[in-house]
Every structure is written in C-alpha cells, then in structure tokens.
Participant: 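One structure follows; several queries about it will come next.
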Amino acid sequence: MDYDVLAVIAEKTPSFSKGQRKIAKYITANYDKAAFMTAGKLGKAANVSESTVVRFAADLGYEGYPEMKRALQELIKNRLTTVQRIEASKEIMEKGDILNTVLNSDVEKIRNTLEDIDVAAFNQAVEKIVNAKSVYVIGLRSSSYLAGFLGFYLNLLFEDVRVINQSAASEIYEQIQHIGEKDVCIAISFPRYSRRTITAIQFARDMGASVIGITDSGSSLVAKNSDIKLYARSDMLSFLDSLVAPLSLINALVVAAAECTGDKLEEKFERLEAMWAEYEVYEKHE
C-alpha cells in the first residue's frame with residue numbers, strides 16, 4: 001500500500017473504538033519507535049491488547065500487522081535525522097545480538113526484493129543498457145559505492161560507460177552535458193534521497209535520455225522521474241543504510257547484460273586477461 005499511514009490514521013480516528021484511539025494516539029506521537037515494535041510491544045505501550053493492535057492494522061486496510069509496520073518504516077526512512085535513526089534503531093538492537101540481527105535483516109531484504117521485482121522492467125532495463133550509445137551511472141552519498149561498482153563492471157563490457165563523480169551540482173551537470181536520446185542514465189538513490197541525483201536525472205530526461213531508476217519504492221522521486229523503475233529493499237540499521245539487496249540487483253543487471261553480448265564476452269575477457277598479465281595487475285600463483 002502506497003499511502004501515508006499517519007494521514008490514514010488521522011482520517012479514520014473519528015470512527016475508531018476507545019482502544020484503537022489509544023493506538024492511534026501512540027503511533028502519531030511515536031511513529032519512529034512504533035515502526036520497529038512487535039504487535040505485543042505496541043499494545044503494551046498503548047495500554048491495549050495485542051489482538052486490538054492486529055485488528056487496528058486490518059481496519060486501516062493492511063493484510064496484517066507486519067504490513068502496517070513496514071509501511072511505518074517506509075514512512076520514516078526519509079523523515080528522520082541520523083540522530084533520530086540511531087535512537088529508533090535501539091528497538092531493533094535491544095537484544096544485543098547485532099550480528100544475527102543485521103545478517104538476517106539483509107537476507108530478508110534480498111528475499112523480499114526477489115518476490116517483488118518486476119521481471120519485465122528488469123529485462124527492459126537490460127535491453128536499454130545493451131543498446132545504449134553511452135551509459136551514465138549516477139549515485140551520490142552512500143549510493144556512490146553502488147554506482148561505482150556498477151560502472152566498473154559495465155565498463156568491462158561496453159565502450160562508453162561514465163560514472164558521475166560526487167561533486168558540486170554545477171560539476172555534475174558538466175559531466176552529463178552531452179547526454180542525449182540514444183543514451184541511458186542509471187540513477188541509484190535510497191533514503192535519505194540525494195537532491196542532486198533527482199535534479200540530474202530530470203536534466204537527463206529533458207535531454208531525451210532514457211532513465212533507469214534503482215530505488216526502494218514508487219513514492220521516491222527517483223521512481224517518479226524514471227522511465228524504467230527497479231525496486232530493491234533497503235533498510236536503516238542505526239546510522240547506516242543496508243544496501244545489500246540493491247547490490248544483489250545490480251549484480252543481476254551486470255550478469256544479464258553480459259549474457260546479451262554473446263560470444264563477444266569471451267573475446268573481451270581474453271583481451272583483458274592478456275592486458276592484466278602484461279601489466280601485472282594481479283598476483284601470480286604458481
């Protein structure tokens with residue numbers, strides 16, 4: 001469901017029961033904490049039963065409490081400051097088993113991404129990349145590492161791949177000034193979204209380029225300004241963004257694009273291996 005949970009709660013409050021109003025009041029005042037609570041813990045905080053919390057989620061239109069909780073987490077992703085994120089994440093890390101919590105969270109994000117991915121959009125993105133005259137990859141802030149990774153491997157496959165460096169806004173426009181109708185711009189952005197990324201892809205679209213957006217939801221401005229939208233689940237773990245699922249999606253894009261090159265793939269890497277050996281790029285193993 002792609003709407004603001006707090007707005008729906010406010011709209012439906014007059015029709016709530018006494019117990020539901022307690023839940024509504026607590027969530028409205030503490031949505032950053034409620035987003036990470038179990039149904040039982042939220043019920044305890046609002047002084048109602050767990051079953052009342054579950055019915056509350058259903059009355060809002062969700063299939064169950066977990067879906068409502070995910071909607072709250074989506075809501076806060078771009079609203080909280082780093083300090084607020086650290087405070088909110090204490091609900092996740094309270095048991096102290098950080099290793100297990102983080103790794104299992106990442107596994108879940110990859111599983112959810114696989115379940116939700118639009119295969120037709122994925123295949124369309126691969127086709128656009130393979131047939132593009134030039135490929136521009138932009139991702140700023142924490143997403144710059146994803147952009148660099150994608151750009152590194154696409155550069156091994158195609159002749160003209162350009163990773164837009166993180167710099168002043170004016171310099172970003174200078175790097176994409178020649179983008180045109182035969183080109184593709186791959187934009188990567190996750191909460192908290194980079195304003196420069198949004199303006200850059202708006203410029204790319206104005207110049208006639210196709211834009212492939214890799215982001216977390218349809219409500220992000222990256223998605224709204226992209227021709228092809230690929231969604232990967234991200235999450236906030238304390239001050240840090242979990243970008244494991246987006247990286248896995250990028251891996252799939254690279255492998256799929258490589259497969260489209262056919263016999264040329266082996267030829268490319270034969271030349272690369274010869275070059276790497278000549279210039280001693282890698283350690284030799286006898």
Side-chain angles (χ1 to χ4, degrees), residues 1-98 100-113 115-116 190-193 215-221 223-224 231-242 245:
M1 302 179 74
D2 208 14
Y3 52 66
D4 188 324
V5 188
L6 298 183
V8 175
I9 289 174
E11 180 184 339
K12 293 196 172 188
T13 294
S15 64
F16 286 156
S17 65
K18 183 178 179 181
Q20 288 177 323
R21 289 188 182 188
K22 287 182 178 180
I23 300 170
K25 183 178 180 181
Y26 183 84
I27 291 177
T28 301
N30 304 279
Y31 60 87
D32 55 333
K33 295 182 177 65
F36 300 100
M37 289 181 171
T38 63
K41 190 162 186 179
L42 177 55
K44 187 175 180 180
N47 198 26
V48 299
S49 67
E50 181 175 345
S51 60
T52 302
V53 173
V54 173
R55 286 196 300 272
F56 177 83
D59 287 346
L60 287 183
Y62 294 100
E63 291 183 3
Y65 179 74
E67 188 182 6
M68 188 187 82
K69 187 165 80 167
R70 283 195 298 272
L72 280 168
Q73 290 173 0
E74 289 294 323
L75 176 75
I76 68 174
K77 276 182 180 179
N78 211 37
R79 289 193 178 192
L80 302 188
T81 65
T82 302
V83 174
Q84 288 173 319
R85 289 174 67 162
I86 293 172
E87 183 64 28
S89 69
K90 290 178 181 178
E91 293 292 338
I92 312 173
M93 306 297 179
E94 63 178 354
K95 294 181 180 178
D97 190 356
I98 293 176
N100 184 65
T101 299
V102 172
L103 266 62
N104 275 308
S105 176
D106 283 341
V107 169
E108 181 186 7
K109 297 298 172 291
I110 292 176
R111 185 183 298 113
N112 290 338
T113 297
E115 290 172 354
D116 297 340
F190 290 84
R192 300 158 74 185
Y193 307 110
T215 187
D216 63 318
S217 74
S219 61
S220 81
L221 287 176
K224 292 176 180 178
Y231 301 121
R233 294 292 184 90
S234 68
D235 202 355
M236 58 176 219
L237 297 167
S238 188
F239 61 91
L240 153 123
D241 299 313
S242 174

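Side chains are part of it too, since the values below use all heavy atoms of this structure and drop only hydrogens, waters and symmetry mates.
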Participant: Taking the side chain as everything from C-beta on, heavy atoms only, tell me whether Tyr231 gets closer than 4.5 Å to Thr215.
Facilitator: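 The answer is yes, as the side chains (C-beta and beyond) meet within the 4.5 Å cut-off.
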Participant: I'd like to check the ring pair (Phe, Tyr, Trp, His ring centres under 6.0 Å) partners of Phe16; sequence neighbours left out, ordered by chain and number.
Facilitator: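 Phe16 satisfies ring pair (Phe, Tyr, Trp, His ring centres under 6.0 Å) with Phe56 once adjacent residues are dropped.
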Participant: Compare every heavy atom of Ala39 with every heavy atom of Val54, then report the nearest pair and how far apart it is.
Facilitator: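 Heavy-atom minimum between the residues: CG2-CB, 4.3 Å.
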Participant: Mind checking whether Leu6 and Ile27 have side chains closer than 4.5 Å, heavy atoms only?
Facilitator: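 Answer yes - side chains close enough.
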Participant: Which heavy atom in Ala34 sits nearest to a heavy atom in Tyr65, and how many Å separate them?
Facilitator: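 Nearest pair, atom of Ala34 first, then Tyr65: O-OH, 4.0 Å.
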Participant: So how far is it from Glu115 CD to Ile110 CD1, rounded to the nearest 0.5 Å?
Facilitator: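 Between Glu115 CD and Ile110 CD1, I get 12.5 Å after rounding to 0.5 Å.
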Participant: Which pair of non-hydrogen atoms, one from Phe190 and one from Ala232, has the smallest distance, and what is that distance?
Facilitator: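 That would be CE2-O, 3.3 Å.
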Participant: Determine whether Phe36 and Lys41 make a side-chain contact, defined as any pair of heavy atoms from C-beta on separated by less than 4.5 Å.
Facilitator: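 Not in contact.
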Participant: State, with a plain yes or no, whether a side-chain heavy atom of Met68 is found less than 4.5 Å away from one of Leu60.
Facilitator: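 Yes, their side chains come closer than 4.5 Å.
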Participant: Could you grab the distance from atom CE of Met37 to atom NZ of Lys44, nearest 0.5 Å is fine?
Facilitator: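 Here the rounded value is 10.5 Å.
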Participant: Looking only at heavy atoms, which two atoms of Val48 and Gly19 are closest? And how far apart?
Facilitator: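 For Val48 and Gly19, the tightest heavy-atom pair comes out as CG1-O, 3.6 Å.
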Participant: Measuring from Ser242:OG to Glu108:CD, what's the distance to the nearest 0.5 Å?
Facilitator: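 Spacing of OG (Ser242) from CD (Glu108) equals 10.5 Å.
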Participant: Is a side-chain N or O of Thr28 found less than 3.5 angstrom from the main chain of Lys25, in a donor-acceptor match?
Facilitator: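 No, the answer is negative, given that no donor and acceptor are paired below the 3.5 Å cut-off.
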Participant: Taking all atoms of both residues into account, what is the closest heavy-atom pair of Ser15 and Lys12, and its distance?
Facilitator: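 So the two residues come closest at OG-O, 2.8 Å.
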Participant: Does a side-chain heavy-atom distance below 4.5 Å link Val5 with Tyr62?
Facilitator: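 Yes; the side chains approach each other to less than 4.5 Å.
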Participant: Rounded to the nearest 0.5 Å, what separates atom OG1 in Thr113 from atom CG in Asp216?
Facilitator: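 Between Thr113 OG1 and Asp216 CG, I get 10.0 Å after rounding to 0.5 Å.
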Participant: Give a yes or no answer on whether the side chain of Arg21 reaches the backbone of Pro14 with a donor-acceptor pair at less than 3.5 Å.
Facilitator: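 Looks like yes, one N/O pair under 3.5 Å.
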Participant: About how many Å separate CG of Leu42 and OG1 of Thr52, when rounded to the nearest 0.5 Å?
Facilitator: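 These two atoms lie 10.5 Å from each other.
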Participant: Could you report the tightest heavy-atom contact between Ser234 and Pro191, atom names first, then the distance?
Facilitator: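 Looking at all heavy atoms of both residues, the closest pair is OG-CD, 3.9 Å.
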Participant: Quick one, Asp116 and Arg233 - any side-chain contact, counting heavy atoms below 4.5 Å?
Facilitator: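 Yes; the side chains approach each other to less than 4.5 Å.
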